[in-house]
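Written out below as structure tokens is the structure these notes cover.
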Amino acid sequence: MKKIALLTSGGDAPGLNACIRAVVRTGYYYGLEVFGVRRGYKGLIENDFFLLKTRDVSGILEKGGTILLTSREERFSDFKYRKIAYKNLKNKGIDGIFIIGGNGSLEGAYLLAEEFNIPVIFIPKTIDNDIYGTDYTIGFDTAVNTVVDAISKIRDTSYSHERIFIVEVMGRKSGFIALASGIAGGADITLIPEYPFPMYLIEESIEKAFLKGKKNFIIVLAEGVSHAKEFRNLLIDRLNRKKVNISDIKYSVLGYIQRGGSPSAFDRILATRFGVFAVKEYLAGQKNIMVALEENKLKTKKLKDVHGKIKTPNIEDFETSKIVNFI
Ligand code: F6P
């Protein structure tokens with residue numbers, strides 16, 4: 001019986017469990033034995049494997065987090081530890097390693113695949129959606145829905161108090177979460193690192209909005225642009241200098257609620273499709289690949305072609321957010 005191992009690495013994202021379930025069940029469906037590795041690359045280095053059976057993954061489809069646990073393991077960037085990880089895989093008789101991870105983990109997966117003789121299958125997950133080569137990553141859709149829900153709640157209080165609100169969202173250096181939730185949540189201004197938005201236009205927009213009697217104003221701010229508190233202080237300062245009569249600007253940093261919660265139907269389906277496809281491609285002889293979704297089609301990409309690259313949101317989407325929301 002061929003053996004595969006599966007791990008989750010990096011920040012958690014809704015849909016990880018759905019993907020674990022899909023890999024395990026597809027593995028057994030095709031006669032493989034599946035081992036879980038605890039805490040991502042940390043477990044590979046520390047030899048923390050355990051047998052996973054199909055019943056072990058029942059009831060987890062709708063659960064956030066990861067039953068395998070996860071970590072950001074710095075040691076994996078060191079060849080010495082990758083070698084230990086490889087030895088542990090070989091000693092356990094593992095024939096292929098499945099890694100569900102984000103950008104940092106992709107680098108580790110690429111190095112492992114280049115340096116050692118073991119097929120590596122990578123499945124992209126991150127709420128940030130910033131992995132090159134795939135339109136969507138597991139967890140992004142749920143995170144965007146969480147942000148949209150928060151925006152509509154904040155809009156109620158923004159309207160009632162006639163206040164400006166800054167909503168800071170995650171995304172690390174990328175603006176995918178901000179842009180999608182800015183469009184879906186009808187934010188007045190969406191600020192993302194990839195496309196600059198001049199400060200004077202923000203000030204003008206606020207001035208015009210309040211002159212027109214607008215009672216709410218929401219700015220979605222990607223964390224990669226600035227932190228909400230600093231941005232708020234800068235904005236108040238600049239508006240005061242222009243003698244714009246703004247009583248106060250409030251801010252909310254949404255933080256880790258974006259990483260948790262039950263995955264959306266979209267993420268459950270994506271995670272399941274990725275998991276099933278990943279195992280099938282492995283059995284078909286593919287190795288050192290990432291599974292991806294492009295134009296709603298499942299594809300495989302060579303790890304060497306996707307690692308270390310930057311994915312940028314569509315300029316058209318940024319224009320869209322300006323055209324419909326910015327006044
Ligand atoms: O990559 C996912 C993410 O949630 C980013 O959006 C955020 O910047 C980062 O992880 C936070 O990382 P940590 O879990 O190490 O605090």
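Start at 1 and go down the list; that is how both ligands and their atoms are numbered.
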Plane angle bin for H307 and Y110 - parallel if under 30°, tilted between 30 and 60°, otherwise perpendicular: parallel

Qualifying ring-ring contact (aromatic ring centres under 6.0 Å, His included) pairs, either residue in residues 218-260, two or more places apart: none

For atom 9 (C) of ligand 1, the protein heavy atom that lies nearest, with its residue and separation: R172 NH2, 3.5 Å

Residue and atom name of the nearest protein heavy atom (relative to atom 3 (C) of ligand 1), distance in Å to one decimal: R259 NH1, 3.5 Å

Contacting atoms of ligand 1, where contact means under 4.0 angstrom from a heavy atom of Y256: 13 (P), 14 (O), 16 (O)

Parallel, tilted or perpendicular: rings of F197 and F318 (30°, 60°): perpendicular

Ligand-side contact atoms (ligand 1) for residue partner E223, heavy atom cut-off under 4.0 Å: 5 (C), 6 (O), 7 (C), 8 (O)

Polar side chain donor-acceptor pair, T142 to D267, under 3.5 angstrom: yes

Atom 12 (O) of ligand 1: the protein heavy-atom neighbour that sits closest, reported with distance to 0.1 Å: R72 NH2, 3.0 Å

F116, CZ: over 12 other non-hydrogen atoms inside 6.0 angstrom: yes

N or O pair under 3.5 Å between G171 and ligand 1: yes

Pairs satisfying salt bridge (Lys or Arg N to Asp or Glu O under 4.0 Å), at least one member in residues 122-149, at least two apart: D149-K153

Nearest-neighbour protein heavy atom for atom 2 (C) of ligand 1, which is reported as residue plus atom name and distance: D128 OD2, 3.3 Å

